Amino acid sequence: MHKFNSGGVEIAYQEAGEGPPILLIHGFASNARVNWWDTSWVRTLTEAGRRVVSFDHRGHGASEKLYDSARYPAAEMAEDARRLLDHLGIAEADVMGYSMGARVSAFLTIAHPNRVRRAVFAGLASRMITGVGGAEAIAKALEAPSRNDVSDIGARAFRIFAEQTKSDLKALAACIRSSREKITVEELATIRVPVLVVAGEKDDVAGDVETLVKAIPGARGVVLPNRNHMNAVGDRGYKDAVLAFLA
């Protein structure tokens with residue numbers, strides 16, 4: 001694990017493999033290790049001849065913890081990704097994000113199209129446009145004295161996951177209050193790089209794939225049968241679809 005200064009915020013990152021670079025951007029309450037290494041994504045991509053770069057978002061994993069929600073807009077988190085590419089001297093990379101990471105990847109692609117060769121938006125589809133909702137309930141669940149004090153089933157699931165990933169709950173509460181910005185159809189229509197959209201068939205968080213595919217010129221979509229938001233990330237079909245897209 002290495003660290004660099006991203007506009008005054010310390011960001012932790014890892015690298016593996018050699019070849020054309022791909023930047024992996026993890027989801028909310030997760031980290032690079034849980035999202036990409038433990039699911040064998042890094043091994044899959046390095047075996048396919050790729051240089052894999054992954055990092056922990058601000059407030060997550062080994063990166064600096066911030067407790068002001070104003071420090072977590074998705075556009076600024078996308079700048080962390082861009083600054084990491086700068087730090088590593090990578091002019092252009094393929095980019096893949098999952099869930100919140102897909103939103104951050106979209107902001108990066110829109111703001112810096114010359115830095116993104118191809119993009120994979122996974123675990124977030126139509127809800128990238130319409131919004132996911134429930135941010136305040138999740139924030140309050142993260143701030144509750146214990147998981148037993150949380151009655152909202154969906155919010156409680158996030159609290160349990162955050163505890164499993166040994167996250168800083170207060171930092172995550174600040175993050176969730178700021179990072180779920182919607183992206184307009186007009187903004188998505190400006191994307192000109194190849195895009196693959198992937199989500200589980202039963203993923204209520206992501207929404208439907210086709211709506212996002214239609215909003216992005218030339219995008220392709222893949223729906224993973226019988227997969228939900230939590231178990232789609234390591235799916236073999238997801239990996240096969242991405243490898244074919246990158247090839």
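Values reported hereafter were calculated over all heavy atoms of this structure, with side chains retained and with hydrogens, waters and symmetry mates removed. Model, not experiment: these values are computed from the prediction.
- Salt bridge present: Arg82 and Asp86 bring a charged side-chain N and a carboxylate O closer than 4.0 Å.
- The shortest distance between side-chain heavy atoms of Ile129 and Ile183 does not fall below 4.5 Å.
- The existence of a salt bridge linking Glu15 and Arg51 is confirmed by a sub-4.0 Å separation between a basic side-chain nitrogen and an acidic carboxylate oxygen.
- Cluster membership check: Ile160 does not share its hydrophobic cluster with Val233, using side-chain heavy-atom separations under 4.5 Å among Ile, Leu, Val, Met, Phe, Trp and Tyr.
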(request) Start with the C-alpha distance between Val222 and Phe245, add both sets of side-chain angles, then the distance that settles side chain to side chain contact (heavy atoms under 4.5 Å, CB included), and finish with yes or no. (result) CA-CA 11 Å; Val222 173; Phe245 174 68; over 6 Å; no

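- Under 4.0 Å is where a charged nitrogen must lie from a carboxylate oxygen, and between Asp240 and Arg236 at least one such pair does.
- At a threshold of 4.5 Å between non-hydrogen side-chain atoms, the residues Leu84 and Ile11 do not count as touching.
- Of the possible donor and acceptor atoms, none in the side chain of Lys166 sits under 3.5 Å from a partner among the backbone N and O of Ala162.
- The only member of Leu24, Val42, Ile90 that meets side-chain contact (heavy atoms from CB on, under 4.5 Å) when paired with Val53 is Ile90.
- In this structure, the ring of His229 has its center no less than 6.0 angstrom from the ring center of Phe161.
- In this structure, Arg227 does not pair ionically with Glu201, as no charged nitrogen and carboxylate oxygen lie closer than 4.0 Å.
- Formation of a donor-acceptor pair under 3.5 Å by the Thr46 side chain with backbone atoms of Arg43 is found in this model.
- Exactly one residue among Arg180, Glu143, Arg159 makes a side-chain contact (heavy atoms from CB on, under 4.5 Å) with Ile138. That residue is Arg180.
- Side-chain heavy atoms closer than 4.5 Å link hydrophobic residues (I, L, V, M, F, W, Y) into clusters, and following such links, even through other members, never connects Val242 to Val223.
- A donor-acceptor pair shorter than 3.5 Å can be found between the side chains of His87 and Tyr13.
- One hydrophobic cluster, built from ILVMFWY side chains closer than 4.5 Å, cannot hold both Leu23 and Leu45; they sit in different ones.
- Ile25 has its side chain within reach of Ser105: a pair of non-hydrogen atoms, C-beta onward, lies under 4.5 Å apart.
- In summary, of the residues considered (Glu76, Glu79, Glu64), a salt bridge (Lys or Arg N to Asp or Glu O under 4.0 Å) with Arg58 occurs for Glu76 alone.
- Atom CD in Glu47 sits 9.0 Å away from atom OG in Ser40 (nearest 0.5 Å).
- In this pair, Phe55 and His26 present their aromatic rings tilted. The plane angle is within the 30 to 60° band.
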(request) Report the C-alpha separation of Arg156 and Asn148 in whole Å, then their side-chain angles, then the decisive distance to 0.1 Å, and conclude whether the side chain to side chain contact (heavy atoms under 4.5 Å, CB included) test is met. (result) CA-CA 8 Å; Arg156 191 171 188 270; Asn148 298 325; 3.6 Å; yes

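- The cluster map of Ile, Leu, Val, Met, Phe, Trp and Tyr, joined by side-chain heavy atoms under 4.5 Å apart, puts Val104 and Leu124 in the same cluster.
- In this structure, the ring of Phe4 has its center no less than 6.0 angstrom from the ring center of His2.
- Using a 4.0 Å cut-off between a side-chain N of Lys or Arg and a carboxylate O of Asp or Glu, Arg177 and Glu136 qualify as a salt bridge.
- A heavy-atom distance below 4.5 Å is not found between the side chains of Arg33 and Thr165.
- Counting only distance, with no hydrogens or angles, the side chain of Arg115 and the backbone of Ala91 share a donor-acceptor pair below 3.5 Å.
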(message) Let's go through Ile22 and Leu246 carefully: what are the C-alpha distance in whole Å and the side-chain angles of both, what is the deciding distance for side chain to side chain contact (heavy atoms under 4.5 Å, CB included) to 0.1 Å, and is it a yes or a no?
(response) CA-CA 10 Å; Ile22 180 167; Leu246 296 177; 3.8 Å; yes

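- Atoms CG and CG, on Asp208 and Asp203 in that order, are 11.0 Å from each other to the nearest 0.5 Å.
- Arg71 is listed as a side-chain neighbour of Val9, based on a closest heavy-atom distance under 4.5 Å.
- Two residues are said to be in side-chain contact when any heavy atoms from C-beta on lie closer than 4.5 Å; Lys182 and Arg127 fail this criterion.
- In terms of modelled atom types and a separation under 3.5 Å, the side chain of Asp56 and the main chain of Ala32 share a donor-acceptor contact.
- At a threshold of 4.0 Å, the pair Arg50-Asp94 counts as salt-bridged, since one of the basic side-chain nitrogens sits closer than that to a carboxylate oxygen.
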(request) Any chance you could lay out the side chain to side chain contact (heavy atoms under 4.5 Å, CB included) test for Val193 and Val195, step after step, and finish with the verdict? (result) CA-CA 6 Å; Val193 304; Val195 172; 4.3 Å; yes

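- The hydrophobic clustering, which links ILVMFWY residues whose side-chain heavy atoms are closer than 4.5 Å, places Phe121 and Met77 together.
- Classification of the Phe28-His60 ring pair by plane angle, with boundaries at 30° and 60°, yields perpendicular.
- Residues Ser63 and Glu10 fail the side-chain proximity criterion, which asks for heavy atoms closer than 4.5 Å.
- Other residues, nucleotides and ligands place more than 12 heavy atoms under 6.0 Å from the NZ atom of Lys239.
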